[in-house]
Amino acid sequence: MNIDALKMFVQIVQAGSISKAAQQMGYAQSNISTKIHNLEIELNTQLLYRTARGVTLTDTGNELYRQAIKIIQLNNETVNLLQHPQTVAGSLKIGTLQTAASTFLPKILSNYHQNNPNVELSIETGTTLASAKKVLNYQLDGAIIGGHVNEKALESIPLMTEELCLVTSQGSNVDTENDSLLVFPVGCAYRKTLESWLDSQQIMIHHPIEFNYLNAIIASVSAGLGISILPEKVVQPYIDSGAIQKVDLPQQFSTLPISFIYRKDYFAGPAFDKFLDGIKLLNTTI
């Protein structure tokens, strides 16, 4: 069992099919299929269920996937350490909320990149639920999330508490029973807060309009399309300019804890440790 075969196996799992993995890696599909078949023979077990729609993991395949991620990480860190003993190098994939990506995260990333220019950074925005799943599946090294994720495999570092507010178009009155709700996809902590607030008033969720982009929600609120719940820090410039207006929320719905999560069994190399150091300073700087 060599490292290249494990990398191919991980790529297949994350791509969802052998053909997609072949395209991404620049190999012939038959070459990758043969490598995985030989790996299954070597381990004397079936790793993948092959279907017309792609591949899914067997139980032993899932276990190998978890271990393969650790082996590849350890291999990369060892090579970097021996080749560049005084340099922090490697790759780092971090998930984040769009709101964090537009407020406090850029400064952390800028400082990190200046101090560790040889680390290949990759930032992916997504909902709390989507990011947590990718961290659990070793597709992200860690993620900034809103609210809480009850998962024993994850370590959570509290970062801050966001102040939330309801936003609507300038000069309009809020009609929670009829206004359209402008929300991120299911799994978003802000959407969950909005739904919980309406539920407390015994109002059924109605007219939800989903967006993938923060700026699109703000622009649509300004245009009078509907209402939304967002962090005050994010929308304050638009409130100051008169594009939208805010409405205070009841206290139990006016704040949201922001945390950084990563797997407890994650192999934390120098690149990740340095990023974690910057994240942990957040409470003392914000």
Side-chain angles (χ1 to χ4, degrees), residues 6 9-16 47-48 55-74 77 91-101 104-105 108 121-162 164 183-197 199 205 210 212 229 231 252-253 255-269 271-283:
L6 290 179
F9 175 68
V10 168
Q11 191 73 28
I12 290 170
V13 175
Q14 295 184 352
L47 300 172
L48 300 169
V55 297
T56 56
L57 288 168
T58 64
D59 288 343
T60 52
N62 186 60
E63 182 59 31
L64 177 63
Y65 176 68
R66 292 176 63 251
Q67 298 300 328
I69 293 290
K70 298 178 187 178
I71 293 170
I72 293 169
Q73 289 173 342
L74 182 58
E77 293 292 346
S91 62
L92 200 61
K93 296 180 180 179
I94 301 296
T96 180
L97 303 167
Q98 286 193 40
T99 50
F104 64 85
L105 185 58
I108 293 175
L121 269 173
S122 177
I123 309 301
E124 179 178 318
T125 60
T127 65
T128 288
L129 182 60
S131 291
K133 285 184 176 179
K134 288 190 175 184
V135 173
L136 285 169
N137 289 333
Y138 299 93
Q139 293 171 286
L140 291 172
D141 298 303
I144 296 170
I145 65 163
H148 301 285
V149 175
N150 295 320
E151 176 56 59
K152 293 181 179 179
L154 295 178
E155 189 72 47
S156 179
I157 299 175
L159 300 181
M160 67 180 72
T161 299
E162 279 187 333
L164 305 181
V183 295
F184 287 110
V186 173
C188 169
Y190 306 117
R191 175 174 181 160
K192 186 176 180 180
T193 299
L194 178 56
E195 292 172 345
S196 297
W197 174 57
D199 185 60
I205 306 302
E210 289 190 2
N212 285 323
I229 285 181
Q252 64 267 39
F253 303 107
T255 59
L256 182 73
I258 304 298
S259 305
F260 182 75
I261 59 171
Y262 60 96
R263 285 196 63 103
K264 291 180 179 178
D265 62 359
Y266 177 78
F267 173 74
F272 184 78
D273 284 340
K274 294 292 185 182
F275 184 82
L276 211 56
D277 289 342
I279 281 290
K280 289 177 178 178
L281 289 175
L282 212 52
N283 278 324

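Keep in mind that the numbers below use all heavy atoms, side chains included, and drop hydrogens, waters and symmetry copies. Nothing fancy with the numbering, it's 1 onward along the sequence. No experiment lies behind these values; they were computed from the predicted model shown.
- Summarising the geometry of Gly61 relative to Phe9, their closest heavy-atom pair is O-CZ, 3.5 Å, with the distance given to 0.1 Å.
- Note that CG of Leu194 and CZ of Phe184 are 12.0 Å apart. Values are rounded to the nearest 0.5 Å.
- How far CD1 of Ile108 is from CZ of Phe260: 9.5 Å, rounded to the nearest 0.5 Å.
- Contact check for Val10 versus Tyr65: side-chain heavy atoms found under the 4.5 Å cut-off.
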Could you list the donor-acceptor pairs under 3.5 angstrom formed between side-chain atoms of residues 131-146 and any protein atom two or more places apart in sequence or on another chain?
residue : atom : partner : partner atom : Å
Ser131  : OG   : Thr127  : O            : 3.2
Lys134  : NZ   : Glu124  : OE2          : 2.3
Asn137  : ND2  : Lys133  : O            : 3.3
Tyr138  : OH   : Arg263  : NE           : 3.1
Tyr138  : OH   : Arg263  : NH2          : 3.4
Tyr138  : OH   : Asp265  : OD1          : 3.4
Tyr138  : OH   : Asp265  : OD2          : 2.8
Asp141  : OD1  : Tyr266  : OH           : 2.8
Asp141  : OD2  : Lys93   : N            : 2.6

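- Scanning both residues, His148 and Pro257, for their nearest heavy atoms gives NE2-CG, 3.6 Å.
- Interatomic distance, Leu64 CG to Asp59 CG, rounded to the nearest 0.5 Å: 13.0 Å.
- Using a 4.0 Å cut-off between charged side-chain N and carboxylate O, Glu195 and Lys192 make no salt bridge.
- When all heavy atoms of Ser259 and Gly147 are compared, the pair lying nearest together is OG-O, 4.4 Å.
- Annotation: side chain of Thr99 is not in contact with side chain of Ile258 (no heavy-atom distance under 4.5 Å).
- Contacts of Gln11 classified as side-chain contact (heavy atoms from CB on, under 4.5 Å), with partners at least two apart in sequence or in another chain: Ala21, Gln24, Met25.
- When all heavy atoms of Ala68 and Leu6 are compared, the pair lying nearest together is CB-CD2, 4.1 Å.
- Between Glu162 and Pro231, the shortest heavy-atom distance links the atoms OE1-CG, 3.4 Å.
- A distance of 6.0 Å separates CH2 of Trp197 from CD1 of Ile229, quoted to the nearest 0.5 Å.
- Residue-environment remark: CG (Asp273) exceeds the threshold of 12 foreign heavy atoms within 6.0 Å.
- Minimum interatomic distance between Arg191 and Val183 (heavy atoms only, all atoms of both residues): NH1-CG2, 3.6 Å.
- In this structure, Phe275 has its ring center no closer than 6.0 Å to that of Tyr262.
- Taking the side chain as every heavy atom from C-beta outward, Gln73 and Phe272 never approach each other to under 4.5 Å.
- With a 4.5 Å cut-off on side-chain heavy atoms, Leu57 and Glu63 do not count as touching.
- Qualifying side-chain contact (heavy atoms from CB on, under 4.5 Å) partners for Thr255, counting only residues two or more places apart in sequence or in other chains: Thr161, Glu163.
- Note that OG1 of Thr56 is 11.5 Å distant from CG of Leu47, once rounded to the nearest 0.5 Å.
- One distance of note links CG of Leu276 with CD1 of Ile157; it measures 4.0 Å at 0.5 Å rounding.
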